[in-house]
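Only a predicted model underlies this, so the values are computations on that prediction, with no experimental measurement involved.
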Amino acid sequence: MLYPQLTPTRCVVSLNGMWELAREHEPGNHHKGFKAEKHVAVPASYNDLYAEEGFRMWKDGMWYQRTFAVPKTLQGERLVLRFGAVAYRARVFVNGREVGGHEGGHLPFECEVTDVVDCTGLNVLCVRCENRLSATTVPMGELRNAGENGQFAGQYPDVPFDFFPYAGIQRDVCLYTTPRAAWLESVRVTTAVSADGVATVTVAGRVGGVGENLSVIVGCMSRQTPKVIAGGHESISDNFTVDIRIPDAELWDVFRPNLYDADITLLSGEDVVDTYKQRFGIRTIRVTGNRLLLNGRPVYLQGFGRHEDFPIIGRGLCHAANVRDHELLKWVNANSYRTTHYPYSEELVRLADEQGILLIAEAPAVSVNFDHLQDENVRRELYDRHSTALTELIDRDFNAPSVIAWSVANEATTNRPAARDYFATLAGHVRRLDATRPVTMVTCKVEDDLVMDAFDMVGVNFYPGWYHEPGLGLGEPFASAKASMRHALETLHQKFNKPILVAEFGADCLAGLHSLPAEQWSEEYQADLIMTLIDVIRECDFVIGEHVWNFADFRTAQNFPRAGGNRKGAFTRDRQPKMVAHFLRRRWAVPRYPVTEPVTDLESMMRVFLDPAARGNRHLAPQPGDPDFGDDGGLGALQARWRAQLNAGAPPPPPR
């Protein structure tokens, strides 16, 4: 499935905007048109738009409706309705006729409507979405769980995970066209780089429909330099593969988003039938020993777990929020995040491609509980949905250079015997779909996990100082939390001998709450705990990254430990920094691994020689007017402090 694109042979008509909404109180003929209860914005989650609880918590049939016309210029073309995501199940009707549907709330689907639409008048588009979860949906829900680590219980609504189950048409809706006889249906780009810097780019694809004397021409152009790279030509029937050789390839890297376009032209004889431009990047990613190598060099992941969550719109696609989030990521010197705990929008992945931000793309399988999967048939039903979601995710994001790994699940009950074969089989499924990226999952079962040996790297969520070993303690601050984190990481590495990503750690914090000495929920406690745990994490040479939980506060189901949602964000829900964000900005300004490229400018030299948050250095919170780093990112007072420490004969910081 290709992302909608306006080309000389294709048109895209947005169907976003104001739709009509009604709940399905009883079965009826809603699919033929209905009397609306509300107006609703698309894209957006419907849950937070209204003042009534009966809409916020509705999870049975919710009907969307609008009309559309087909412009005269598009008549005679192949017409396709495309939905970026509808949570959780969707059925689509045009003029009372069912044209398609989908299960899974975070990935795109489409319905061909060429022979269904009325090209002479208005068409009625009705979509039924429904958000009932069960033991065989991905994610699970309505389990009446017994609580344990990674399994929430007693929540309203009843979900085992720690975020709100938003629903509705949450991403873009459009009507797009292709040529009617034959069209480009899918494109997959793989790259390989030789030791002398020559890249081999393989562009493979599939053609839909039927045509005579078909062939494809593939050209390649660098987005960095206006140069066209010679491509290839192949006669085809339905599938094609074209190899392109690129000398002196410009590699895609962290904050160096070198991108290329593969210009694909489908011909019938000498006539142009269809055209498409597929963006890609050239880079390598692999796990070797205790390192994650990007383009052959170690990369350390510093960043966050996140959520697509914003006031009013819930999980709805919002370009403004996406831009703000990525600007804050760059401001805090983060280089990566995991798409916790579901696939994020295509538009956000494309933004990461364009900005050089690393992503671990995660399936929507969170809090899988094998206590509810003891029946083999039930377990197989869940596996089929789970593997389908991963297949769709990999198909969607395969060409994205920002995606450096696939995560198959988060916080499953991986200490149950049935989990072993389930996840080993799932890991094999992912590797068959994509052999170019590492495969991982994230566990919260440190002592008794049974599955992580099936993966290329270990992801672990661990919260010493918050869910266990709370408080500063009477001796060394956070001594118990530090020992607990160190023991957990060493235990996992000794058991599985794999590099480890600390995928979640942190503490809740109410913005503006201060305490001296630091106590839980205060900004001081959150900042001191996170920075202390980073010291411990970085003592372990087998750790390849630290992802703080969470980037920003977010909405959850209601339960007594959650005061207005999860407050573990380094930023508030409206994207303003808490104290810890300033500490992280300083810490992450200095590379974790030694700089391997020549350093020539004064600022870079100072960043290498002085880590402002080196192990053992504690810092006061940044004060207005006297930050280590100025508002423009310059070093400011750091330069004066660096000189003072050198003059005083202070020892250099330990090597990173």
Side-chain angles (χ1 to χ4, degrees), residues 1 59-62 83 85-92 98 100-109 111 128-146 148 150-153 155 157-161 163 165-167 341-343 361-396 406-434 439 441-445 449-451 454-455 557:
M1 187 189 309
K59 53 191 174 185
D60 291 315
M62 183 71 85
F83 296 81
V86 180
Y88 168 78
R89 294 181 184 87
R91 296 173 65 189
V92 181
E98 188 162 4
H102 187 256
E103 180 168 345
H106 308 92
L107 290 162
F109 67 98
C111 319
R128 183 188 190 273
C129 69
E130 178 242 303
N131 201 34
R132 278 212 171 270
L133 304 178
S134 71
T136 59
T137 59
V138 184
M140 288 178 159
E142 302 181 43
L143 303 177
R144 298 190 178 276
N145 254 350
E148 65 173 278
Q151 299 288 323
F152 280 75
Q155 300 200 115
D158 178 19
V159 290
F161 46 81
F163 56 92
Y166 281 114
H341 298 296
Y342 39 81
E362 189 159 270
V366 54
S367 301
V368 176
N369 190 333
F370 284 86
D371 291 349
H372 301 275
L373 300 173
Q374 297 182 39
D375 183 283
E376 185 177 349
N377 292 327
V378 174
R379 193 161 63 246
R380 167 54 61 178
E381 186 177 349
L382 177 70
Y383 179 89
D384 289 344
R385 289 194 172 104
H386 195 165
S387 60
T388 296
L390 279 161
T391 300
E392 293 179 0
L393 170 61
I394 294 169
D395 180 63
R396 192 195 74 170
W406 307 112
S407 172
V408 305
N410 178 80
E411 291 190 350
T413 54
T414 54
N415 55 351
R416 284 23 171 212
R420 180 68 183 83
D421 288 343
Y422 182 97
F423 283 112
T425 304
L426 201 62
H429 172 73
V430 173
R431 290 190 179 100
R432 285 189 295 273
L433 294 172
D434 180 14
V439 185
M441 73 169 288
V442 178
T443 184
C444 59
K445 307 296 186 184
D449 180 277
L450 301 174
V451 309
F455 297 94

Can you tell me how the ring of Y422 sits relative to the ring of F370, calling it parallel under 30°, perpendicular over 60° and tilted otherwise? perpendicular
Is it true that a side-chain atom of H386 and a backbone atom of V408 form a donor plus acceptor pair closer than 3.5 Å? yes
Exercise: do Y88 and E130 side chains pair donor with acceptor under 3.5 Å: no
State the CG-CG distance between N145 and N369, to the nearest 0.5 angstrom. 5.0 Å
Which pair of heavy atoms, one from P160 and one from L143, lies closest together, and at what distance? CG-CD1, 4.0 Å
With a 4.5 Å limit on heavy-atom distance, are the side chains of T414 and M441 in contact? yes
N377 CG to L382 CG distance, which is reported to the nearest 0.5 Å: 13.0 Å
Salt bridge (Lys or Arg N to Asp or Glu O under 4.0 Å) filter on E381, not counting sequence neighbours, yields R385
When rounded to the nearest 0.5 Å, the distance separating CE of M1 from CD of E392 is 7.0 Å
Starting at CG of D375, measure out to OG1 of T136 and round the result to the nearest 0.5 Å. 11.0 Å
Which atom names give the shortest non-hydrogen contact between H429 and S387, and what distance separates them? NE2-O, 3.3 Å
Results of ring pair (Phe, Tyr, Trp, His ring centres under 6.0 Å) for F109 - residues two or more places apart only: F83, H102
Validation row: S134, E142 side chains within 4.5 angstrom (heavy atoms): no
Residues Q151 and A146: closest non-hydrogen pair is CB-O, 4.2 Å
Can you give me the closest heavy-atom contact between V159 and A557, atom names plus distance? CG2-CB, 4.1 Å
Regarding E98 and R128, does a basic nitrogen lie under 4.0 Å from an acidic carboxylate oxygen? no
With F161, which residues qualify under ring pair (Phe, Tyr, Trp, His ring centres under 6.0 Å), at least two apart? F163
Rounded to the nearest 0.5 Å, how far apart are CG of D158 and CE of M140? 12.5 Å
H341 versus V442: any side-chain heavy-atom pair under 4.5 Å? no
How about E362 and Y342: do any of their side-chain heavy atoms sit closer than 4.5 Å? no
